[in-house]
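Because only heavy atoms are used, hydrogens play no part in the values below, and waters and symmetry mates are left out as well, while side chains stay in.
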Amino acid sequence: MKKIIIICGILSFTSAFCQDDEVVEYSLIYDEPDKSWVGGGISYDMSLNEYNMTIAALGVEGRFFHELFAIDAGFKFHLLENAADFAYLSPYATSIYEPEKSRDFNLLGTYYFKQDTEKKKATVRLKKVGNTIYVVEVPAKRSVKFGAELGSDAGVTYYNFQNNQMTGIDSQGNEVLIESGNGLGKSVATFYKYSMIRLGASRTRSMNMQITTAKYGDRTVASSSRIYTQIFIGFGQSVDDIYVPFDAFIN
């Protein structure tokens, strides 16, 4: 059996942080950790496994943050998810439906039922010289919120099953049992549809302030971190019917 070995290298860069020894005079422009904002981004995922190898999964994500609640939404579209269907992994039985491109949807709402504002020191970056970054610490407000979360996830995922027994339909419309684990590396390809809801709780910390200095100009500190725990409850899962074009390896 052929094996593919993938070696990944991780590059790390190190910078030194130093506090400016000079007295940095500044004026506070704003300090609003609970200010509403809208943000978004693009994501890229790679999945390397024998079931639904995805060379590229492209997604878009958005977030709306408010003092009392937050809304997160995302969509992901998988490209080349059937890249696992090569050589000995080529499926000999597939879904009877038109192949669907794998995709994922998610929506999450958070209601903040408790929030506090505390005073903490914020590290403000002033300048960078070589690998040394000069910073100064200034007092700033930090918001701490505790929220209850409710969300939903749905999508379609391509799967290339191995070493499993599945029910299929032959050319006469009869139900047959397929044994994909027959020692020859054969597999069964289908589409798995899923829907689920998410229940959870989270703690979010945020900071949003800006100062102005005569020597370094305006400097901003904006950050948000979230720790959460969630329970997934699935419903409406289904696997597309399998079409068996021949009688080999069928019980």
Side-chain angles (χ1 to χ4, degrees), residues 4-49 53-67 70-80 83 104 106 108 110 112 115-147 202-230:
I4 298 177
I5 300 177
I6 298 176
I7 301 176
C8 298
I10 299 176
L11 300 178
S12 61
F13 300 90
T14 303
S15 295
F17 292 84
C18 295
Q19 189 164 345
D20 200 320
D21 293 331
E22 301 179 13
V23 176
V24 179
E25 295 184 357
Y26 70 92
S27 298
L28 188 66
I29 298 178
Y30 62 80
D31 190 4
E32 303 172 331
D34 291 322
K35 184 178 180 179
S36 298
W37 53 268
V38 177
I42 299 175
S43 63
Y44 171 88
D45 292 337
M46 179 182 292
S47 174
L48 302 178
N49 61 73
M53 186 188 299
T54 300
I55 302 301
L58 302 178
V60 292
E61 300 174 353
R63 178 175 175 81
F64 174 71
F65 178 81
H66 185 267
E67 181 180 357
I71 299 175
D72 297 87
F75 169 76
K76 188 179 297 181
F77 185 78
H78 298 250
L79 303 175
L80 302 178
D104 304 292
N106 63 80
L108 178 68
T110 304
Y112 298 114
Q115 50 188 314
D116 297 306
T117 301
E118 56 188 18
K119 204 78 168 181
K120 291 286 185 179
K121 286 186 177 181
T123 301
V124 182
R125 175 172 168 163
L126 298 176
K127 64 178 179 178
K128 181 177 181 181
V129 179
N131 287 331
T132 302
I133 299 174
Y134 290 89
V135 300
V136 67
E137 288 186 335
V138 300
K141 295 177 182 178
R142 184 173 65 172
S143 174
V144 181
K145 302 175 183 291
F146 296 89
S202 64
R203 186 198 68 188
T204 301
R205 288 177 172 171
S206 59
M207 185 177 293
N208 182 32
M209 56 88 67
Q210 186 180 70
I211 63 173
T212 183
T213 68
K215 186 176 180 180
Y216 303 104
D218 294 349
R219 292 293 183 264
T220 302
V221 175
S223 65
S224 178
S225 64
R226 173 170 162 262
I227 299 176
Y228 63 91
T229 180
Q230 294 180 347

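- Between Asp104 atom CG and Phe77 atom CZ the span is 11.0 Å, to the nearest 0.5 Å.
- Put simply, CZ on Phe146 and CD1 on Ile227 are 9.5 Å apart, with the number rounded to the nearest 0.5 Å.
- Contact record, Met209 with Pro139: CE-O, 4.5 Å, taken as the closest heavy-atom pair.
- Thr123 and Val221 make their closest contact through O-CG2, 3.7 Å (heavy atoms, listed as atom of the first residue, atom of the second, distance).
- For the pairing with Gln210, the side chain to side chain donor-acceptor pair (under 3.5 Å) check across Asp218, Thr220, Asp31 returns one residue only, Thr220.
- By the 4.5 Å heavy-atom criterion applied to side chains, Lys141 and Lys119 are counted as neighbours.
- Checked against Lys76 for a side-chain contact (heavy atoms from CB on, under 4.5 Å), the options Asp45, Val60, Leu58 give a single hit: Asp45.
- Side chain of Asn106 to backbone of Gly74: a donor-acceptor contact under 3.5 angstrom is found.
- With rounding to the nearest 0.5 angstrom, the CZ atom of Phe65 is 10.5 Å from the CG atom of Asp72.
- Remark: side-chain polar atoms of Asn208 are paired, donor with acceptor, to backbone N or O of Glu32 under 3.5 angstrom.
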Next item on the list: Apply side chain to side chain contact (heavy atoms under 4.5 Å, CB included) to the pair Arg219 and Val136, showing each step before the final yes or no.
Entry: CA-CA 11 Å; Arg219 292 293 183 264; Val136 67; over 6 Å; no
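- Here the CH2-OG distance, from Trp37 to Ser206, works out to 8.5 Å after rounding to the nearest 0.5 Å.
- In this structure, Leu126 CG and Tyr134 OH are separated by 11.0 Å, a value rounded to the nearest 0.5 Å.
- In this structure, Lys35 NZ and Ser143 OG are separated by 14.5 Å, a value rounded to the nearest 0.5 Å.
- Annotation: side chain of Thr204 is in contact with side chain of Tyr112 (closest heavy-atom distance under 4.5 Å).
- Pairing each heavy atom of Glu61 with each of Ser43, the nearest pair is OE2-OG, 4.0 Å.
- Checked options Arg142, Arg205, Lys145; the residue passing with Asp34 is Lys145 (criterion: salt bridge (charged side-chain N to carboxylate O under 4.0 Å, His left out)).
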